[in-house]
Undergrad: 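Before anything else, here's the structure in question.
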Number of protein chains: 2
Amino acid sequence: MSKRAAPEARRAELIAATARVLAARGAAGASVRVIAAAAGVSPGLVTHHFGGVERLVEATYDHVAARVGDALEAAVAAAGESPRARLAAYCDASFAPPIADPALLATWIAFWSLAQGSAAMQASHVRHYAGYRARLEVLLGETGVEADRRRLLAVGLTALVDGLWLELCLSPGAFSAAEARAVVAGYLAGV
Amino acid sequence: MSKRAAPEARRAELIAATARVLAARGAAGASVRVIAAAAGVSPGLVTHHFGGVERLVEATYDHVAARVGDALEAAVAAAGESPRARLAAYCDASFAPPIADPALLATWIAFWSLAQGSAAMQASHVRHYAGYRARLEVLLGETGVEADRRRLLAVGLTALVDGLWLELCLSPGAFSAAEARAVVAGYLAGV
DNA sequence: GTGATTGTTGCACGAACGTATAACAACCTC
DNA sequence: GAGGTTGTTATACGTTCGTGCAACAATCAC
């Protein structure tokens, strides 16, 4: 049996275990028993702390999305002060670890598939992607793009980067990360 | 009980039922019993004709992918003879029915999630997307794009269209189909 | 018609699922 | 240290899962 832990600490452990299970076994493997075993606790704890598996997966989505956002921000911060370099870094970060990772794709696909039947998951997705596009609009603005063109450019950039990321993880042999960066660079050159 | 049917006809019915179930309930709902009920037959028939659910889902993937390809080709055929118009039609078809359909997205996400653990599904995906890109390279060639630029352009176009399609179905309020077409037109203008 | 083939059903089986509940144990308060 | 609070476990219950199997029935060969 596991030692008694503070509620927030135990919740964090369960969220981390859920992320591991989703990455390793997909949505189909995210059962109460498997998650609890991955966290080294008894299945009843999931109900106790989250009131059900669904709520735990929602919390995991928010956590993973925040981590992805952190990785993107870290790339921007490391890119220096040139607005063009910061924008490129934000996009290119999707083609390098820890984001370009088949395990993260598996997690993400699991979220998408679970969002089909859950209004809460769907709302989380809409919020997350809106934030992603909003950040991109700011970076575009700093490079001097006029305000009325930013929105559609952000829509296109998000779609392009996401599509490349998806296929990079799903069919690793089709093209390389360097080629993905080159494609994005070509798109940004036309801005 | 269902009347006796020819094997190919029964197989086709089961595949169609699987597609309906995947669209309506996602990968989680694609159980032998639910699929058989949707087809109006007994659960044992799935084992009898396909040897297991996994094989049935694989066959459904191939069938749905072929239908999507048909829809894209129909759009090209309806676009006339101008190479530019044919290329644009091939891309824009992803933002109109029957492809821009949340039910099709649900089906596709189910395939992705099942591909995580099935080598056969993964191989089908790689084959399907390679065909998609190859068709795009031909259409690009017909518009006069030099041969050595076609491959990366096709990679980018596929990713852009896929990303837009995904987000169009997943967050319907974020942007419109017309805006998606405008984004693609902007990308093609830079070619 | 008769027999063989095979599509089809209904059931049974073991396993895994989510969750409710009661008992246990660790910690905090006083 | 005694008592209350609450994190934790173990068990139990009903449901659903995939599939193997024996029986039934429709079709075909002859």
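The structure displayed is predicted, hence computed values, not measured ones. A note on names: the letters A, B, ... follow the listed sequences, proteins ahead of strands, and every chain is numbered from 1.
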Undergrad: With a cut-off of 6.0 Å (strictly less than), are more than 12 heavy atoms of other residues, nucleotides or ligands near CD of A:Glu146?
TA: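 Correct, the count exceeds 12.
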Undergrad: Calculate the interatomic distance between B:Arg25 atom CZ and D:dT16 atom P; express it in whole Å.
TA: 10 Å
Undergrad: Hey, which of these two, B:Ala5 or A:Pro43, hits DNA chain C nearer its 5' end, going by closest nucleotide?
TA: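 Comparing both residues, the 5'-ward one is B:Ala5.
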Undergrad: By the 4.0 Å heavy-atom rule, please label B:Val46 as base, sugar-phosphate, or nothing.
TA: nothing
Undergrad: Reckon A:Ser42 has a side-chain N or O less than 4.0 Å from the OP1 or OP2 of D:dT8?
TA: no
Undergrad: Check the distance between D:dG7's P and A:Glu8's CD and give it to me in whole angstrom.
TA: 10 Å
Undergrad: What's the CZ-P distance between B:Arg33 and D:dT15, to the nearest Å?
TA: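 It works out to 14 Å between those atoms.
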Undergrad: Return no unless some side-chain N or O of B:His48 is found under 4.0 Å from OP1 or OP2 of C:dG7.
TA: yes
Undergrad: Select base, sugar-phosphate, or nothing to describe what A:Val53 touches, counting heavy atoms under 4.0 Å on all strands.
TA: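 A:Val53: backbone/sugar contact only, no base atoms under 4.0 Å.
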Undergrad: Rounded to whole Å, how long is the line connecting atom CZ of B:Arg11 with atom P of C:dT8?
TA: 13 Å
Undergrad: To the nearest Å, give me how far apart CD1 (A:Ile35) and C1' (C:dT19) are.
TA: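 Taking CD1 of A:Ile35 and C1' of C:dT19, I get 14 Å after rounding.
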Undergrad: Atom CZ of B:Phe50 and atom C1' of D:dT19: how far apart are they, to the nearest Å?
TA: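 Roughly 16 Å, once rounded to whole Å.
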Undergrad: Please indicate whether A:Arg55 has more than 12 foreign heavy atoms, meaning atoms of other residues, nucleotides or ligands, lying under 6.0 Å from its CZ.
TA: no
Undergrad: Please check the phosphate of C:dT8 (OP1 and OP2 only) for any side-chain N or O of B:Arg10 closer than 4.0 Å.
TA: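 Answer is yes, contact under 4.0 Å.
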Undergrad: Take atom CZ in A:Arg135; do more than 12 heavy atoms of anything else shown fall under 6.0 Å from it?
TA: yes
Undergrad: Report the nucleotide, chosen from D:dT9, C:dT8, D:dG18, that has the shortest atom-to-atom distance to any side-chain atom of B:Leu45.
TA: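 From the listed options, C:dT8 comes nearest.
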Undergrad: Can you figure out which of D:dG7, D:dG20, C:dC17 approaches the side chain of A:Arg4 most closely?
TA: D:dG7
Undergrad: Does OP1 or OP2 of D:dT8 have a side-chain N or O of A:His49 closer than 4.0 Å?
TA: yes
Undergrad: Calculate the interatomic distance between A:Arg55 atom CZ and C:dG18 atom P; express it in whole Å.
TA: 14 Å
Undergrad: State, with a plain yes or no, whether a side-chain heavy atom of B:Leu170 is found less than 4.5 Å away from one of A:Gln116.
TA: yes
Undergrad: Has B:Ser42 got a side-chain atom pairing as donor or acceptor with B:Gly44's backbone, closer than 3.5 angstrom?
TA: yes
Undergrad: Could you work out which one of C:dA20, D:dT19, D:dC17 sits closest to the side chain of B:Val32?
TA: D:dT19
